Every structure is written in structure tokens, then in C-alpha cells.
Amino acid sequence: MLLVLLLLLPVHALGVRVKDKVASVKLEKRYAEARRKLDATENCSDSSSWHKNGDPSKDCDWVGEILDLVSVRQYAKGVDGTEAWEACPLSCGMCETATYSACPTTNVTFGGEGKAAIYDPLTAAEINAIYDAAFAAGLTDIKHWAAWMSGEEPDSVAYTNETWNKVTWLGKVELAPPVKTEAVAYLDGYGPMPDRYAQFWLYRGSRTPRDAVMYKVGPLPVSEATTWTQTSDLTPDDSIPWPARPYDGGEEFYIIGDMMTAVTTTLEPLIDAFLSQIPTDSSPYVAEWTHPDVTISEPTHSRIHNAMFWTVVDDISASAGGVIKPFPLSFTYNETYEVPTPRDFPTWNFVYCNQGPYESAEALLAAYVAGTVTACSVEADYYASTDNTMKPIMPLRDTGGDEPRIYYPSGMRVALSGHNVEWQGWEFHASATPQRGFQFYDIKFKGERIVYEMMPTEYAVTYSSARSLHNLYYSDGGFEMGSSVVSLYEDIDCPDGSLFLDAISGPESGWEAYTIENAVCIFEAPQSYPLFRHAPGYDDFNGLPSTILVVRSVITIGNYDYVQDATFFLDGRMTMAKSASGYSLGTYNDPAIDNPSNPAFGQHFTASVTGTLHVHQSAYKVDLDVAGTANSLQTSKFVYGSYVDAIGEHPAHVPHDGITYFEKTIVETETSFYKDEYDSVDFVSSETNSWGEKRGYQIYVTNGIKNLYPDGHPILHMLNYTKYNIAVTKRSEMEFADTTPNFCFFQPLPAPWDIGHYLDDESIVEEDLVAWISMSKIHYPRSEDVPMPVTFSSSFELLPHNYFDRGGYSDLPNVNDEVNVCGQADKD
Ligand SMILES: *[C@@H]1O[C@H](CO)[C@@H](O)[C@H](O)[C@H]1NC(C)=O
Ligand SMILES: *[C@@H]1O[C@H](CO)[C@@H](O)[C@H](O)[C@H]1NC(C)=O
Ligand SMILES: *[C@@H]1O[C@H](CO)[C@@H](O)[C@H](O)[C@H]1NC(C)=O
Ligand SMILES: *[C@@H]1O[C@H](CO)[C@@H](O)[C@H](O)[C@H]1NC(C)=O
Ligand SMILES: *[C@@H]1O[C@H](CO)[C@@H](O)[C@H](O)[C@H]1NC(C)=O
Ligand SMILES: [Cu+2]
């Protein structure tokens, strides 16, 4: 059996793969266009003569029965080259008629000034111009390196295979957000427009010692006047030791592939023996994923990683479902720059089928050949089958037709101007940027700013396992959440008719920036729930259906997909949620060796594979400005006590002395706490509403378990934000994010700069405050998580708390008119 190794990093640094995805989105768009054209015609029917070239039994009926329509449409061609979707529009579901298409529409138009455009992400042209200028200025030699690598500059005297570790390159180019005071002065009309700046990391592999530094460049566009400044803005120390340099997909792809090929070539007999037990005609292979082992890394010298493997059968790649077919091999390697070539990385700690560790691939192979290592048994049907992927299992449920759709009877009520969004009194700037990902600026409701800045700063996963996934920790912020943003599918990810924003993927190790189309969708939707209702009698019904505005972006990072939603409500509430889907990682348990009933690290997906126990963490920065920037933190607790405790006296007419009441406290200094410590957490202004109550916004965290790692555990250096659900600090330009994933993901030392440093007892009374919100959610996979778990969420809510004098929806028509299909009031 042929062994093929495919190196699959859990990140989409592999430009080719990302482009494939874009191509398939384009394909989908083509079908959508075709569908629209067919909608307009009455002659939508299948050809009776078409069949797949070479197979007369595969006619339009066959096309209709195969649910995996994208690939059928893509690959099935008729005798004359006609594609299935063209000949079989009915079976391809392209004949749906939009009965509402004739309704009159009057889309709203953008009415604001659009000043929040100062937060527009860098365009691909801006990024590439910076890249070119940095190269021209001699800051980086990466283009020469890339040209030498690709053979375009074969005679480049600067490089040999042994100089892979002496390149200086730049990455993670991104907008440097304007200073808040200057931005607010401009937005609020008393200051000039701030200049536009970008920032990037420079990986100085050609220096001694190597290091990574951050640069700020501007004003943009790049010109004679542009300055390149090494900043110390984001770290107190202006450089980062080499092993702690930010993750760079291009670098990893180059250096790990070389080493991994050497290891798997050595272990070929052992790998082949496992794969040959899988009854399949395809050529199965193993794919490697790698993760930093922060419990043993030596921060000043090198990165230590653990490698784990998945089985790829029938071209179901690891990301597409292979992660629930583990290949039971793991080893550890030292990613050091002190060796001649990457294939010389030291490797050790080889474990196969729970036997070992062996000091090298050769030692493991020798033991295997000598018969001291027992080959593991393969659950043949499970490994061979594609049923445990997203492919539906026959017979299909009779769905009785298409799923319900949303329609907009009066047209789009969302207005978009660039990245500025307006809807029902809300106005804000939304984008997904290459490095940091999904972000919001200048969120206003009814003309008043509520949030200056809001963004996820980190999503991470920590696994528990005694097998190949031991010490597995993934920081998505470290992998660049923004570069993992994917194109969204209309009708699946977002309703038909959504508005879309594009995003840019930043350059890494020589690849140019490119556009990710339809990366953010914006749509209004019925919540299918009353916002309020009351019906005391037949003639007296009052109510309003709740309508929401959703701004959504999805990141796909290896096996997992995170659906990120910011949801805006009619009454001034908003929520931010992260929902997970995608495949859960499996661990191999040899029924002959492992205790099949031990539930410590997971439950069974099948006899030999358990779903690995893990915790999903997420962290957010929310810079609230409630009626101005002078805010205080008010915590309230629902308690039981005496009347004297509650109000200072025991009223004579109350016989029993013992009552529940609320206790409000203004917190004096920076603090952090878990959600269950208080019953209401609010940012309040000194401004009051008409009734004398401080105008405030409540921060409500819907879920979140407590961190169980003891103080001093190395992983806490990356996860200090899991020690609270809410932390509140005085805002500082330097305190950009509560985590330091970009330069700390591989660094098992105290983080140079994270929330642990920000919580330093500064006064938070009537100051500009930031709420750092963090949530952890246990995922103890269950059998139903095959093929993949249904989306599950963590979220927080911001809701007006005495901010208004009455319900924030009070200025909306309170309707119960019967409406016809086009949304017009029925006048009869
Ligand atoms: C539908 O088919 C009929 C009969 O072939 C033809 O006369 C008519 O023009 C077609 N309509 C459209 C919109 O193509
Ligand atoms: C309203 O917006 C939708 C979505 O962008 C668009 O398809 C439609 O043509 C617009 N209608 C009008 C009348 O502008
Ligand atoms: C340099 O490395 C490449 C890729 O690893 C390899 O194909 C090539 O043979 C090497 N060249 C020399 C001279 O070793
Ligand atoms: C990794 O390699 C570096 C540089 O060669 C060395 O200093 C370090 O001790 C090694 N770490 C381990 C855990 O082997
Ligand atoms: C994070 O937490 C760990 C464990 O409690 C602690 O040792 C470390 O100093 C913290 N990091 C920072 C930057 O405060
Ligand atoms: Cu999970």
C-alpha cells in the first residue's frame, strides 16, 4: 500500500487550500445566479436525456438523490459536457419560486456621516504596498528567499538550503487603530481626522540573537513622508525572544514539512501495516498536526511541539472529518534554529499504540520489527467508512420540502456604507481583519455611543488526554483568528438576501494579501418570539414581534468552526456569541490495552475511538462608554438579612425580621471575578435618567465554568484570562488585549503583557473603563458528536439598565395589524 504523507497544519496558511475554498464559494455563487435566472422562467424542468458521461444509470433522478450536490454539480458532466446543474435544474433545487419577489421594496439608505471609516481594515493593495516598500527599504529579504525557494532566482547567492534560518520577514500587517481620544474628537466633531497607520511584526531571523519586533508604519498611503518606527507600544520591552515570536503559517509549513517527511519515511512499514488493515480501495495516508507543548518548552532556546496523527481515508482530510479517525502515533520535537536544516530537528518521545516512549523513530521501528511493539488493531469498518462524516446516511428523512426562509416585505431595513452599518436606531462599524479578526467600533444607539470597541481577543482549546493529545493546547488568537475567516454561504451561514462584507487575508512568509469574499454577513431576522406581549382581553392585545440584526463571521481553524454573532435588539440590548461546530478530535483507545469504560478523558465515538475531553475558552474586549467615558463599575448582590442591614431600621409594622434585598456597590479599583459572585454587573455613568437612577449598561455573561488549573501551572501563562468571567480595568492604549497570543502562544513564561499586568489596582471610579469578558465551556464529547457536534454557544449580553427612562423600544409602533404577504396592513 502506498504511503503518502500530507502535512496539514491546523491553520489555513496554505494559500492553495484557502483559494480552493474561495473557488468553491464562487461556484456556489454561480449556482445562485443560475437559480435566480431560472426563478424568472416558467420552464424549469429536468432533461429526460441527460446522464453522467459514461454511466446511463446516473440521470437527473440520480442527481436528485445525492445530497452532496456541490460535488455532484461540480464533477458530473453529461456526454456533451453539460454540467448536472444545467441539465437537471429541478433535481438540483434550482426551481424554487420566490413568491415574494414581486413585493414592492423600499430599501433604507445610509444616513450617517460614515466617519467611522477611520477603522476600515487595510485593503489588500495597502498591505501589498507596505510589503513592497518594506522590501525596497531593506527591512526584509523575504522576496529573495521566496524567489530562491520557488526556483525563480536559482542563482541567488544569498541562500542555500542551510540558510533557511537566516531570513528576515514580516507578517501580520494590520491597521494600527487610531488613538481613542483623537478618534473620538474626530467622530464627535471637535478634532481633525486622525492619520492612518499600519502595524506589522518583523521576524528578524538574520540577527544575532534572532528576535521579533513590532513596527508601525504611516501615514498611509505609503509615500516619501512615510516613517517606519519600531514600537514599544504593545510590549513593555520592545522585542520578543525568538521562540515566542508570533505564529507564522508560511514558516511552519516550510520547516515542519521537511522534518515530518523524514520521520514518516522512517516509519513507513509501521504506518503501512496499520493502513493496510483498512478495507478501502482508496489510498489511505496519515496526516500530521502539531501543537506546542508549553509544559516542557524552554522559552529562551526553542519551541517544543508534540506531533499527533490522523488517518485520511477516501480523501476525507483531517479537517473534513479525519480527526475522528486517529492514527495512534505521537512524538515530540524541538523546533530549534540551531540545526543545519529542519529535518535535523531533534525528535524523541515516540509512542505507538500506547507503547513506548522510544527515543527515536529508528528505535520505534526496530522494536516494531523485532515484535516488541504490538501493532494496534484497526476497527476496520469505522476507519473505512465515510458515514462518519457529514455525508447523510440513507435512507433520508422525508423533509416534506424546503426549509423556511426569511423575506423582507418592505425591502432591506439595514443600510450599509462601506463598513458602517445602520439599523433601527443602531449605527456601528464592523469588520474582520487579518490578524485580530471580527471587530466593532463606535457602536451607537439612538445617537449615543455605547461601545467604543468590541472584539474577541482569543479563542483557545485545552485538551485532557493520556494519549497522543496530551498537553494539547490551541490558541486561535495565536494562529490569527482573522486569517481563518472564511467566505460565508448564503442560505446556510446567512439567510438569502444578506448583505456581505469582504475581508483580507494578510501576507505570511511571502504570500501576497488577498480578498476573502463575503466574510461578514449582515441581516435582519425575525426572532420568532414576542419582544413583549400582553392580552388581558379580546380587544386589548399589545405586542411586538422581536426583530434582530445579526452581524456574523465564521472562522474555520482546522477541525473547528466558530460562528461569531453580534446581535442587536430593538430595545438597545446586544449580545455577542461564539458557537462551535466542526469535528471534535478523537483519541485512539485500543480495546485490548485501554480500559474501554474509563470515562476520564472522553466518551466513546465508537469501540476504539473516544471524543477527547476539552474546554473551549473565549475572551473579549468590550470598551463600553455609557453616557460618556466617565464610568464606574457597580456590582449588585441579591442577599438575605435583617431590615437593619437592608435599610438601617426595622419598620414597626413588619413582624418578621428577615428579608431578601439588593446591595449595590461602586467598586473602587481594578478587579476581576466569576459571574456567580454578583447578580448584576453594570457600567454606570454619573449622569442620571429622569428618575435619578444612574444611567447604566448591564454586562451579563450567560455561561462560563471556573478554571481548574492550580496557580503556577504553565498553561496559565497563556490562560490567565480564564481566572475570571469579567475583569474591569481603566482603559489604556497600551493594554490592547487581555491575552498575548500573538507573542506568547509558545511561551511558557509569565506573559510579558496580559491581563495579569493590567490589574494593578488603578482607580476605576468615573474613569474610561474596559470590560474584559471571558468564558470557558466544557466539551465532554458524546456519541452524538459524530459526525460533528451541533453548534453550541457561549455568549454575553449588554443591556440598558436605567439607561433610558422607559423601554428602549417605546418609540416603535406597537402593532397587531393583520399583514398580507407583502407586509402591507390589511385594510379590510
Ligand atoms: C417556455 O417554454 C415554451 C414552450 O417551449 C416557450 O414557448 C416559452 O417561450 C418558454 N418560456 C420562457 C420564459 O422561456
Ligand atoms: C434592496 O436591497 C436588496 C439587497 O441588497 C437588493 O437585492 C434589492 O435590489 C434592493 N431593492 C431596491 C429597490 O433597491
Ligand atoms: C534543498 O532542499 C530542497 C527541499 O527540501 C531539496 O529538494 C533539495 O534537493 C535541497 N538541495 C540541496 C542542494 O540539498
Ligand atoms: C532544543 O534545542 C535547543 C537548541 O539546540 C537546546 O538549547 C534545548 O535544550 C533543546 N530543548 C530540549 C527540550 O531538548
Ligand atoms: C498567570 O498566572 C500564573 C499562575 O497563576 C502566574 O504564575 C503568572 O504570573 C500569571 N501571569 C501574569 C503575566 O501575571
Ligand atoms: Cu469542542
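Hydrogens, waters and symmetry mates play no part in the numbers below; they use all other heavy atoms, side chains included. This one's a predicted model, so the numbers in the text were calculated from it and none came from an experiment. Counting starts at 1 for both ligands and their atoms, in listed order.
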Peer 1: Angle between ring planes, Tyr352 versus Phe327, binned at 30° and 60°: parallel, tilted or perpendicular?
Peer 2: tilted
Peer 1: Tell me the contacting part of Ile304 for ligand 4: side chain, backbone, both, or neither, using a 4.0 Å heavy-atom threshold, strictly below.
Peer 2: side chain
Peer 1: I'd like to know if Glu379 pairs up with Lys325 as an ion pair, taking the criterion as any Lys NZ or Arg NE/NH1/NH2 lying under 4.0 Å from an Asp or Glu carboxylate oxygen.
Peer 2: no
Peer 1: Find, among atoms of His779 that are N, O or S, the one nearest to the Cu ion (ligand 6), and state its name.
Peer 2: ND1
Peer 1: Any idea how Tyr709 and His713 line up, ring-wise: parallel (<30°), tilted (30 to 60°), or perpendicular (>60°)?
Peer 2: tilted
Peer 1: Rounded to 10°, how many degrees is the angle NE2/His616-the Cu ion (ligand 6)-NE2/His614?
Peer 2: 100°
Peer 1: Within the 4.0 Å heavy-atom shell around Thr336, which atoms of ligand 4 are there?
Peer 2: 2 (O), 4 (C), 5 (O)
Peer 1: Does Tyr560 put an N, O or S atom under 2.8 Å from the Cu ion (ligand 6)?
Peer 2: yes
Peer 1: Does Glu335 pair with Arg245 as a salt bridge, N-O distance under 4.0 Å?
Peer 2: yes
Peer 1: Can you check whether Asn334 has an N/O within less than 3.5 Å of an N/O in ligand 4?
Peer 2: yes
Peer 1: May I ask you to decide if the ring planes of His779 and Tyr560 are parallel, tilted or perpendicular, using 30° and 60° as cut-offs?
Peer 2: tilted
